[in-house]
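Accompanying notes for the structure given below.
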Number of protein chains: 2
Amino acid sequence: MLSNSSKYALKAVLFLALHANENNKMMVKDISERINVPKAYIAKLLQELSKRRILSSTKGPKGGFYINEANKNQPIMKIIDIIDGKKRIESCALSLEDCNEHIPCPLHALINPSRSKMIALLESKTINDLAMDLKLNKAFLPV
Amino acid sequence: MLSNSSKYALKAVLFLALHANENNKMMVKDISERINVPKAYIAKLLQELSKRRILSSTKGPKGGFYINEANKNQPIMKIIDIIDGKKRIESCALSLEDCNEHIPCPLHALINPSRSKMIALLESKTINDLAMDLKLNKAFLPV
DNA sequence: TCTTAAATATGATTAATATCATGTTTTTAT
DNA sequence: ATAAAAACATGATATTAATCATATTTAAGA
Ligand code: FES
Ligand code: FES
């Protein structure tokens with residue numbers, strides 16, 4: 001469903017939501033070690049996410065990545081969209097040009113209701129929502 | 001969600017369910033043209049599906065692919081499993097080793113109910129079920 | 001039995017993702 | 001001012017998935 005890049009991005013963002021903030025920035029090296037994603041790989045993703053305002057960063061000594069309140073209130077879907085594009089999730093399961101009730105492919109009736117529900121949740125739940133689940137031990141990040 | 005190969009396989013199987021049978025076999029060339037998938041590519045997939053008894057085939061002149069009643073009563077999921085492996089659909093969205101309620105990743109609560117529903121449908125609906133939808137113009141195959 | 005038409009088996013190539021590497025810019029602290 | 005520490009920008013390499021090619025086997029029909 002999600003690319004590796006999206007999974008890594010999500011892990012990094014949620015990790016930062018829990019463990020970093022404006023006065024406690026984290027360097028790529030530490031993030032990489034804690035979420036177990038190759039340094040150079042996650043670095044590239046973090047830069048993209050920073051540019052797109054999913055998270056914040058500052059350069060130079062004492063610099064690093066963090067996530068502020070504004071960042072936290074963004075929907076999970078936005079991260080997926082930036083990295084994979086919404087199409088990856090929303091497009092027709094059999095690659096019909098466009099997916100709708102009017103000219104549905106044979107899988108549409110089977111998957112669309114579930115998929116719509118899933119998309120609605122990814123669009124309504126925010127980074128903060130999921131970070132809370134982690135904090136309350138209702139969910140756990142992959143090592 | 002599905003690989004290109006799975007999509008092509010599904011298209012081919014459903015196409016055969018509608019347009020071929022034991023006395024009216026279809027050659028790779030015609031299938032390829034009608035479902036708009038490269039000949040050499042769909043040939044390889046058809047061979048695999050034939051070996052795994054999703055469809056039937058005979059060699060030589062007057063030979064070709066077709067699909068009989070036994071073939072038709074198999075669940076859609078079996079095709080996906082043969083081509084992609086169930087893991088592609090069932091595994092954790094964030095790549096946790098195993099996906100369950102006990103140690104869920106942060107996305108589990110958002111996606112698992114929908115995904116379970118979808119999987120149940122893919123496992124209960126048969127090739128014949130979807131072929132019927134096509135026959136009744138309730139669904140349409142991508143060109 | 002011989003020729004021909006089909007699937008089958010196997011492998012090669014190409015394209016897309018994932019991963020890695022490195023020089024440039026910015027900021028802090030001396 | 002200068003040196004060092006960090007992100008940033010850009011591009012290179014490696015791995016996997018998608019696509020293509022071809023020699024072999026089987027069955028029909030002359
Ligand atoms: S038309 Fe194929 S999934 Fe909607
Ligand atoms: S644990 Fe991640 S989707 Fe179930």
Side-chain angles (χ1 to χ4, degrees), chain A residues 1-13 16 20 22-33 35-67 71 80 82-85 87-88 91 94-95, chain B residues 1-12 16 20 22-33 35-67 71 80 82-85 87-88 94-95:
Chain A
M1 187 170 79
L2 302 180
S3 69
N4 261 357
S5 293
S6 268
K7 291 176 184 179
Y8 293 166
L10 244 359
K11 278 174 70 171
V13 165
L16 286 173
E22 182 129 28
N23 332 299
N24 184 22
K25 296 161 192 163
M26 284 195 87
M27 295 187 296
V28 148
K29 181 168 177 301
D30 298 315
I31 299 170
S32 154
E33 283 171 3
I35 68 176
N36 195 35
V37 173
K39 183 164 163 293
Y41 194 170
I42 197 63
K44 203 171 197 174
L45 291 171
L46 288 167
Q47 284 160 29
E48 176 72 5
L49 293 170
S50 178
K51 188 157 46 174
R52 301 293 303 273
R53 315 256 175 202
I54 294 297
L55 44 78
S56 308
S57 63
T58 60
K59 286 180 173 184
K62 302 283 172 187
F65 294 93
Y66 62 100
I67 186 163
N71 298 141
I80 296 171
I82 287 168
I83 307 294
D84 288 342
K87 256 175 72 173
R88 176 165 182 137
S91 61
L94 285 185
S95 300
Chain B
M1 186 171 81
L2 303 180
S3 67
N4 262 357
S5 293
S6 268
K7 292 176 184 178
Y8 293 166
L10 244 359
K11 279 174 68 170
L16 286 173
E22 184 129 28
N23 332 298
N24 185 22
K25 296 159 191 166
M26 284 197 87
M27 295 188 297
V28 148
K29 181 168 177 301
D30 298 314
I31 299 170
S32 154
E33 282 171 4
I35 68 177
N36 196 33
V37 173
K39 184 164 163 294
Y41 194 171
I42 197 64
K44 203 171 195 174
L45 290 170
L46 289 168
Q47 285 161 30
E48 176 73 6
L49 293 171
S50 177
K51 188 157 48 173
R52 301 294 301 274
R53 316 259 175 198
I54 295 297
L55 43 79
S56 308
S57 62
T58 60
K59 286 183 174 180
K62 302 283 173 186
F65 294 92
Y66 62 100
I67 185 162
N71 298 142
I80 296 171
I82 286 169
I83 306 295
D84 288 343
K87 256 175 73 173
R88 175 164 182 139
L94 284 185
S95 300

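Bear in mind that the values here come from a model prediction, so they are computed numbers and not experimental data. When reading the values below, keep in mind they use all heavy atoms of this one structure, side chains included, and skip hydrogens, waters and symmetry mates.
Side-chain contact between A:Lys29 and A:Lys39 is present, with heavy atoms from C-beta onward closer than 4.5 Å.
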Go through the steps to decide whether B:Tyr8 and B:Ile83 satisfy the test side chain to side chain contact (heavy atoms under 4.5 Å, CB included), and finish with yes or no.
-> CA-CA 10 Å; B:Tyr8 293 166; B:Ile83 306 295; over 6 Å; no

Kindly indicate, with the supporting measurements, whether the criterion side chain to side chain contact (heavy atoms under 4.5 Å, CB included) is fulfilled by A:Phe65 and A:Leu16.
-> CA-CA 8 Å; A:Phe65 294 93; A:Leu16 286 173; 4.0 Å; yes

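Across the protein-nucleic acid pair, A:Lys39 atom NZ and C:dA21 atom C1' stand 10 Å apart, rounded to whole Å. Here C:dT8 presents its P atom at 11 Å from CZ of B:Arg53, a figure rounded to the nearest Å. Put simply, CG on A:Leu2 is 15 Å from C1' on C:dT17, counting in whole angstrom units. Atom C1' of nucleotide D:dA5 and atom NZ of A:Lys62 are separated by 10 Å, given to the nearest angstrom. Regarding A:Tyr41, its OH atom lies at a distance of 18 Å from the P atom of D:dT13, rounded to whole Å. As rounded to whole Å, 17 Å separates atom P of D:dA4 from atom CE of A:Met27. A:Leu46 places its CG atom 15 Å from the C1' atom of C:dT19, with the value rounded to the nearest Å.
Contact annotation for A:Lys44: base contact, defined as any heavy-atom pair under 4.0 Å involving a base atom.
Salt bridge A:Lys44/A:Glu48: absent, no basic N to carboxylate O contact under 4.0 Å.
The listed nucleotides are C:dA21, D:dC20, C:dA9; the one nearest the side chain of B:Ala40 is D:dC20.
Residues A:Gln47 and A:Pro61 each lie close to DNA chain D; by heavy-atom proximity, the contact nearer the 5' end of the strand is made by A:Pro61. When each of A:Gly60 and A:Lys51 is assigned the nucleotide of DNA chain D with its nearest heavy atom, A:Gly60 is the one assigned upstream, toward the 5' end.
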